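Shown next, in structure tokens, is the structure this report addresses.
Small disclaimer: the values here were computed from a predicted structure and weren't measured. Order of the sequence lines sets the chain letters (A, B, ...), proteins ahead of strands, with each chain counted from 1.
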There are 2 protein chains.
Amino acid sequence: MLSPETRPWTMAQIAAEAGVSATTVSHALSGKRPVNPETVARIQRIVQEHGFVPNSSGVRLRSGRTGVIGLAVPDIAHWYFGRIAKGVEEIANERDYGLVICGTMNADPRREKRYFNMLRTRAIDGLVYTTSRSMSDLDELVTVAQGSSIVFADEAVDRLPEVPSVTTTVREGARLVGEHLRELGHSRAVVIAGYAGLRSTTERVAAFREYFPTALTLFGDFEQQSGYELMGDLLANDVAFSCVFAHNDFMAIGAIRRLREAGIRVPEDVSVVGFDDVDVATIMSPALTTVRKDMVEIGRRSARTLFDVIEGEPGSARSSVLPVELVVRGTTAPRRD
Amino acid sequence: MLSPETRPWTMAQIAAEAGVSATTVSHALSGKRPVNPETVARIQRIVQEHGFVPNSSGVRLRSGRTGVIGLAVPDIAHWYFGRIAKGVEEIANERDYGLVICGTMNADPRREKRYFNMLRTRAIDGLVYTTSRSMSDLDELVTVAQGSSIVFADEAVDRLPEVPSVTTTVREGARLVGEHLRELGHSRAVVIAGYAGLRSTTERVAAFREYFPTALTLFGDFEQQSGYELMGDLLANDVAFSCVFAHNDFMAIGAIRRLREAGIRVPEDVSVVGFDDVDVATIMSPALTTVRKDMVEIGRRSARTLFDVIEGEPGSARSSVLPVELVVRGTTAPRRD
DNA sequence: CTGTTAGCGCTTTCAG
DNA sequence: CTGAAAGCGCTAACAG
């Protein structure tokens with residue numbers, strides 16, 4: 001770019017310069033076999049001088065490994081997946097792996113094909129896969145999963161039970177919410193749920209029903225707007241309720257906005273609980289009662305599990321389920337008639 | 001992983017199976033030279049059957065290109081850098097490039113070394129570099145920048161004027177803020193600025209001074225907490241002001257929180273303006289008056305510029321400066337005595 | 001239309 | 001302690 005043609009030095013050139021063979025340079029740098037200290041010193045000097053670093057394509061072809069893992073997320077700009085990415089990146093970096101991010105744009109098939117191919121072409125050694133909705137091309141994933149290193153983060157895929165996953169106790173989270181609202185004296189609840197196709201949605205709906213068996217359940221898309229609109233529908237239809245369980249904080253925030261516009265106070269008239277514990281939950285006023293999921297930890301754990309798959313004893317990679325925690329803040333209050 | 005040893009097929013094996021040479025397989029797949037249609041068909045079939053895809057390490061070693069670009073960001077989980085990443089990813093994907101994300105953890109030297117090395121080892125073809133503070137190891141960057149493809153996103157580096165950058169008209173943004181507050185009748189302002197070492201900070205401070213020449217300026221770190229604390233200092237010292245210009249929305253939000261705790265109303269008693277226009281700015285109430293920067297577009301433009309550097313005519317890559325826009329919402333109001 | 005050869009840059013036998 | 005040679009998987013020149 002700046003200098004027109006700065007072809008980097010090759011090991012052979014360094015070797016020539018040092019008056020030794022490439023083999024010796026290789027070993028001097030890796031320490032994988034004894035080399036005369038003087039020779040090492042000389043090589044080091046020349047390496048320093050030219051800023052030589054072994055070309056990674058050569059190393060990769062030779063070793064059959066890339067030193068890179070992939071992370072597939074629907075949208076990297078999303079708070080939720082950003083946190084996961086942070087955790088994955090942290091561990092990858094620790095292990096001296098690179099991380100390539102594949103945005104799936106909410107399951108755009110062309111995009112998905114692309115990172116499946118990265119696995120197939122051995123451009124990456126493994127993949128952490130996340131999704132916020134049901135897969136567009138599950139069949140292809142099933143094929144690719146054979147003989148590849150994959151870990152599902154946050155959401156497992158039912159059809160692939162053998163693939164390790166890192167999930168959370170969402171069922172327990174929903175129970176905590178139900179219990180909390182019951183203790184506050186509420187008896188009529190509505191649920192603004194996540195995607196209908198996700199296991200985590202089904203589980204939460206079922207668990208919440210243990211406390212509110214007849215709770216009306218509407219399915220949204222995890223975006224604020226959908227919480228807003230679904231709440232609008234509820235109000236337009238005169239549904240009677242004194243509390244809302246939203247399957248994530250963004251939808252909860254949207255629902256609260258809609259309630260306020262209708263002159264309904266939160267938490268005085270209606271209690272609202274979210275899920276995930278986004279940053280905003282503490283900023284808003286009143287602060288949002290929610291269920292905390294440690295997204296960064298999900299990322300970390302997923303990456304570690306992936307490395308178990310890649311480097312560990314066969315079968316050493318185990319699925320794990322991380323705990324969640326109810327955080328009671330200001331959007332829930334005792335029922336008032 | 002699942003199947004114990006599924007070594008992928010090599011081109012040579014496919015060739016043997018098809019009764020042709022590897023060369024022919026290569027050309028049949030790439031179309032770079034005519035191949036007998038029947039032969040092509042046969043090869044296609046075998047390729048399909050075994051799910052063959054050319055090993056990328058081989059291709060890379062041969063071609064000298066990796067088909068991957070890097071993105072260095074302080075923290076991928078941060079709203080700001082997530083947006084940039086989204087834009088970069090979008091364009092990379094469009095060009096069939098992979099994107100590796102390098103978290104610099106706010107300029108951790110070990111981390112920075114790591115992705116500089118990726119450039120050096122030719123593990124990536126180019127790098128989009130962002131920073132939120134002054135560089136930890138500018139000298140190393142200067143060295144690496146020689147003969148490598150780099151683009152600075154969002155913040156240019158003064159010592160490297162030849163490196164293309166994509167920035168915004170922050171100066172103009174600060175002027176708009178000054179003008180707006182003047183028009184509302186304010187005469188005493190304080191500034192909660194960004195890192196002192198950044199050009200964008202200096203520029204904004206200077207531009208705002210055109211309207212409020214004596215505005216007290218405190219430097220923060222772009223985090224909410226710092227806006228909160230700096231506002232605390234201002235209050236503790238009885239500084240007289242009726243409006244605040246914060247260099248980003250998070251600090252603005254922190255400052256507002258602190259003002260409220262002190263019983264000072266926004267915007268009735270004090271007007272507050274942020275910068276960037278984060279999602280939360282619209283959610284909070286009153287909604288935040290701020291200056292909108294299109295972060296995703298910065299990402300896109302940076303990636304395009306990087307591809308100009310990598311693939312374009314030498315010298316075809318140009319720095320660009322994107323516009324910003326004042327968004328007047330609810331946290332600013334006419335001065336009241 | 002097709003094959004042979006060579007070589008990208010590296011590491012690892014095997015042989016001194 | 002060191003080197004020569006082979007080969008990872010692919011493709012471009014050079015022959016047919």
Hey, is the main chain of [Y] close enough, under 3.5 Å, to the side chain of [X] for a donor-acceptor pair?
X	Y	result
A/Asp125	A/Ile69	no
B/Thr104	B/Asp75	no
A/His50	A/Phe52	no

Q. Is the distance from OP1 or OP2 of C/dT2 to the nearest side-chain N or O of B/Ser21 less than 4.0 Å?
A.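 Result: no.
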**Q.** Check: A/Ser316/A/Asp308 side-chain N/O donor and acceptor closer than 3.5 Å
**A.**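 No, no side-chain donor-acceptor contact under 3.5 Å.
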Q) Partners of B/Ala156 by side-chain contact (heavy atoms from CB on, under 4.5 Å), sequence neighbours excluded? A)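 Here the qualifying residues are B/Ser165, B/Thr167, B/Arg199.
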Provide, to the nearest angstrom, the distance between the [atom1] atom belonging to [X] and the [atom2] atom belonging to [N].
X	N	atom1	atom2	value
B/Arg42	C/dC1	CZ	C1'	13 Å
A/His50	C/dG9	NE2	P	16 Å
A/Ile43	C/dT11	CD1	P	13 Å

Q: Do nucleotides 9-16 of chain D as a string where each nucleotide becomes B, S or -: B if the base has a protein heavy atom under 4.0 Å, S if just the sugar-phosphate does, - if no protein is that close.
A: BBBBBB--
Q | Those residues that, when tested against A/Ser56, pass side-chain hydrogen bond (donor to acceptor under 3.5 Å, both in side chains) (two or more places apart) | A |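 If we apply the side-chain hydrogen bond (donor to acceptor under 3.5 Å, both in side chains) test to A/Ser56, skipping adjacent residues, there are no hits.
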Q. When we call it a touch if two heavy atoms are under 4.0 Å apart, what does A/Ser63 touch: a base, just sugar-phosphate, or nothing?
A.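 Nothing, no heavy atom under 4.0 Å.
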